[in-house]
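Below you'll find the structure, written out as structure tokens, and then a few comments.
Nothing fancy with the numbering, it's 1 onward along the sequence. Order of appearance sets the numbers: ligands from 1, and atoms from 1 within every ligand.
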Amino acid sequence: MMEDLAAAVAQLGAEARSAEAQWEAGRTDAEFEDCDGARYRIVVVQGDGGHFCSGADLGMLGDLHGASEGAEGEALREFGRWMNGTMTSTLTALRRLPQVSVAIVQGAAFGGGAELTTATDLRLVSSDAVIRFVQATMAVSPGWGGGARLADIVGAQAARRLLASCAPVTPQRAEGLGLADATFEAPAPAQAPAATEASDAPAAEEGCPGCADGCCRLPPGALATLPRLVAPAAPVSSLAASKAAIPAAEPLPEEAAAFLRVWGARAQQDVLARLRK
Ligand SMILES: CC[C@@H](C(=O)O)C(=O)SCCNC(=O)CCNC(=O)[C@H](O)C(C)(C)COP(=O)(O)OP(=O)(O)OC[C@H]1O[C@@H](n2cnc3c(N)ncnc32)[C@H](O)[C@@H]1OP(=O)(O)O
């Protein structure tokens, strides 16, 4: 089973550092096209360095705010329009993939990172994970299309509560809400081998010699849970047919309109000014 899984897993990285995450997201459009073939049956989205994804690059937003001073926030607004279009259409493309898609959520999934968790079919949440829709604390609303997707997953009322309260969602709470399909124990932090100690084990970044697809980088608890989760989603062909019905063009216009009303407005600029101090 593990070998089958190894052959099936396509890993799309979501970096914890968000500038890279956005670059990754832009780049993945082409990779998504590659994924359309029959070669892969599962697409796994996971973070790097202990966190899933911490959303938009706050340093860059601070700089854009600085550049906008005296220009009525135009640079910030222009970035917001670009980010909203790019991230929403990229995550819609992820949502529409014919394969079963799974987010392995470890560490922080904040802001846009929380929205990213909603773009897969399934979410596997580690015991050290915290999902937090912090957008309202930044005086904005979801800008990566995650508001409507969250409501689809947990229901409109629970989504309103999560978005309005910005409360951190623990793995247990996520499971209760249906936001987590399963939870797993966070793997113990890797021990660095003593400098003098020789070891035959491959270095973590080398992965498993028998596995070209890098599935060995999945946390062991998640890897054990994945076959159980994915099996009921088969046959993939019927899942693919239902996902093809998700509209690809002009996604989520109401959510985008709400976002573009608040993005770059005075309230967000005040938050960014405080963050820059
Ligand atoms: C529409 C989406 C958009 C929006 O809603 O407006 C957003 O997504 S806004 C961004 C929302 N994200 C956050 O508020 C996350 C803020 N970061 C954190 O809470 C923490 O950094 C963390 C993600 C929980 C990680 O904590 P920890 O493990 O303790 O590490 P550090 O805090 O020391 O972070 C390491 C390093 O990474 C930098 N970092 C983390 N997140 C971001 C980010 N979103 N943008 C830019 N940089 C980020 C952090 O500043 C540290 O950098 P160095 O100090 O240079 O090492």
Side-chain angles (χ1 to χ4, degrees), residues 13-26 45-66 68 73 75-92 94 103 105-119 125-150 159 162-171 186-187 189-190 251-252 254-277:
E15 300 283 334
R17 289 292 295 269
S18 44
E20 287 151 359
Q22 282 178 25
W23 180 81
E24 278 286 334
V45 180
Q46 68 168 344
D48 216 352
H51 293 294
F52 181 69
C53 176
S54 66
D57 186 330
L58 291 171
M60 186 173 59
L61 296 186
D63 291 347
L64 285 169
H65 170 253
S68 286
L76 185 61
R77 259 193 286 276
E78 191 183 326
F79 174 76
R81 281 191 289 272
W82 174 84
M83 178 179 75
N84 177 246
T86 303
M87 295 308 293
T88 306
S89 60
T90 301
L91 297 190
T92 299
L94 169 57
V105 186
Q106 288 186 268
F110 286 2
E115 295 188 56
L116 176 57
T117 68
T118 65
V125 177
S126 162
S127 56
D128 70 355
V130 180
I131 301 172
R132 195 171 171 210
F133 293 85
V134 296
Q135 284 80 350
T137 67
M138 319 263 321
V140 297
S141 59
W144 295 10
R149 290 193 305 263
L150 179 66
L162 293 181
L163 294 173
S165 68
C166 306
V169 184
T170 61
L252 314 171
E254 285 168 24
E255 191 164 333
F259 174 78
L260 294 174
R261 268 198 301 276
V262 289
W263 187 271
R266 172 57 50 201
Q268 187 203 15
Q269 295 204 35
D270 290 347
V271 171
L272 293 176
R274 278 201 300 278
L275 284 178
R276 289 176 72 214
K277 280 184 189 149

L61 vs F79 side-chain heavy atoms within contact, under 4.5 Å: yes

Which segment of M60 sits under 4.0 Å of ligand 1 when only heavy atoms are counted: neither

Heavy-atom side-chain contact between S141 and R261 under 4.5 Å: no

Heavy-atom nearest neighbour of atom 3 (C) of ligand 1 within options A56, G62, G111: A56

Side chain, backbone, both or neither: the part of W263 lying under 4.0 Å from ligand 1 by heavy atom: side chain

Short side-chain to backbone donor-acceptor contact, Q46 and V105, under 3.5 Å: no

Within-shell test, M83 vs ligand 1, heavy atom, strictly < 4.0 Å: yes

Heteroatom proximity flag, L58 to ligand 1, N/O under 3.5 Å: yes

Pair Q135-W144, side-chain contact (heavy atoms from CB on, under 4.5 Å): steps then yes or no: CA-CA 11 Å; Q135 284 80 350; W144 295 10; over 6 Å; no

Proximity to ligand 1 by part of D57, non-hydrogen separation under 4.0 Å: both

Under 3.5 Å: N/O of H51 near N/O of ligand 1: yes

Contact atoms of ligand 1, heavy-atom distance to A108 under 4.0 Å: 23 (C), 24 (C)

Approximate separation, where rounding is to 0.5 Å, of L275 CG and L58 CG: 6.0 Å

Check: G112 N/O within less than 3.5 Å of ligand 1 N/O: yes

Rounded distance (nearest 0.5 Å) linking atom CD of Q268 with atom CG of L76: 4.5 Å

Under-4.0 Å salt bridge between R274 and D270: no

Pair L116-L94, side-chain contact (heavy atoms from CB on, under 4.5 Å): steps then yes or no: CA-CA 10 Å; L116 176 57; L94 169 57; 4.3 Å; yes

Ligand 1 atoms in contact with V134 (distance to a heavy atom under 4.0 Å): 11 (C)

Mode of S54 contact toward ligand 1 - side chain, backbone, both, neither (heavy atoms, under 4.0 Å): both

Close-contact set for ligand 1 against V140 heavy atoms, below 4.0 Å: 4 (C), 5 (O), 6 (O)

